[in-house]
Amino acid sequence: QVQLVESGGGLVQPGGSLRLSCVASGSIIGISDMDWYRQAPGNPRELVATITDDGSTNYASSVKGRFTISRDNAKNTLYLQMNSLKPEDTAVYFCRQLYRGSFYWGRGTQVTVSS
């Protein structure tokens, strides 16, 4: 049974930083394509960043240069380092895994950027 659990969200001031984590169990992130998505109230869920099984990364234009996706295969954990946060980054952040042909989602972690 695959399970993804996000953590690291919280309240931060504009310009601040947070690091989100997504711990996987029942699967191997090192052989998976992994994504971070986010969803703000009233908006559709949007793709923020992707890391493929070979380590290639891609970012939404709105976060490029500010966010960094990475993973620690030994810890089976995906990360999202978020710097220079803006109020418009406020959302629930979800990790998603493509593993053996199926997609799996975590339940999300809330990020609020506000002064």
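Small disclaimer: the values here were computed from a predicted structure and weren't measured.
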Practice item. Nearest 0.5 Å please: distance from the OG atom of S70 over to the CG atom of L80. Key: 8.0 Å
Practice item. State, yes or no, whether a side-chain contact exists between N73 and R71 at a heavy-atom distance under 4.5 Å. Key: yes
Point to revise | Closest contact, heavy atoms only, L47 versus A60 | key: O-CB, 3.5 Å
Practice item. Give the minimum heavy-atom separation between V63 and V48, together with the two atoms involved. Key: CG2-O, 3.6 Å
Study note, to complete from the structure: To the nearest 0.5 Å, atom CD1 of I28 lies from atom OG of S25 at 12.0 Å
Review point. Going hydrophobic residue to hydrophobic residue with side-chain gaps under 4.5 angstrom, can you get from M34 over to V23?
Key: no
Review point. Do the charged groups of R38 and E46 touch, with an N to O distance under 4.0 Å?
Key: yes
Review point. Hey, does Q110 have a side-chain heavy atom less than 4.5 Å from the side chain of T90?
Key: yes
Check your understanding: How long is the gap from CG on D35 to CD1 on I69, to the nearest 0.5 Å?
Key -> 6.5 Å
Check your understanding: Is the closest side-chain heavy-atom distance between M82 and D89 below 4.5 Å?
Key -> no
Practice item. Is it possible for you to say whether Y93 and L4 belong to one hydrophobic cluster, with membership spreading through side-chain heavy-atom contacts below 4.5 Å? Key: no
**Study point:** Co-membership, hydrophobic cluster, residues I51 and Y37, 4.5 Å side-chain
**Key:** no
Check your understanding: Where is the tightest heavy-atom contact between A40 and A91, given as atom of each residue plus distance?
Key -> N-CB, 3.8 Å
**Study point:** Single-linkage hydrophobic cluster, 4.5 Å side-chain cutoff, Y104 and V92 together
**Key:** no
Practice item. Please work out whether the ring planes of F94 and W105 are parallel, tilted or perpendicular, with thresholds of 30° and 60°. Key: perpendicular
Check your understanding: If you round to the nearest 0.5 Å, how far is CG of D33 from CD of Q97?
Key -> 9.5 Å
Check your understanding: Between OG1 of T50 and CZ of R96, what distance do you get to the nearest 0.5 Å?
Key -> 7.5 Å
Review point. Okay, side chain of N76, backbone of I29: is any donor-acceptor separation there less than 3.5 Å?
Key: yes
Review point. So, for S115 and P14, which heavy atoms are closest and what is the spacing to 0.1 Å?
Key: N-CD, 3.7 Å
Check your understanding: If Ile, Leu, Val, Met, Phe, Trp and Tyr residues are connected whenever their side-chain heavy atoms lie under 4.5 Å apart, and connections chain through other members, are W36 and Y79 in the same group?
Key -> no
Review point. Side chains of S17 and V12: does their closest heavy-atom pair fall under 4.5 Å?
Key: no
Review point. Just by distance, do the side chain of S102 and the backbone of Y99 share a donor-acceptor pair under 3.5 Å?
Key: no
Check your understanding: When rounded to the nearest 0.5 angstrom, what is the spacing between OG1 in T109 and CG in L18?
Key -> 8.5 Å
**Study point:** Donor-acceptor contact below 3.5 Å, side chain E6 vs main chain C95
**Key:** yes
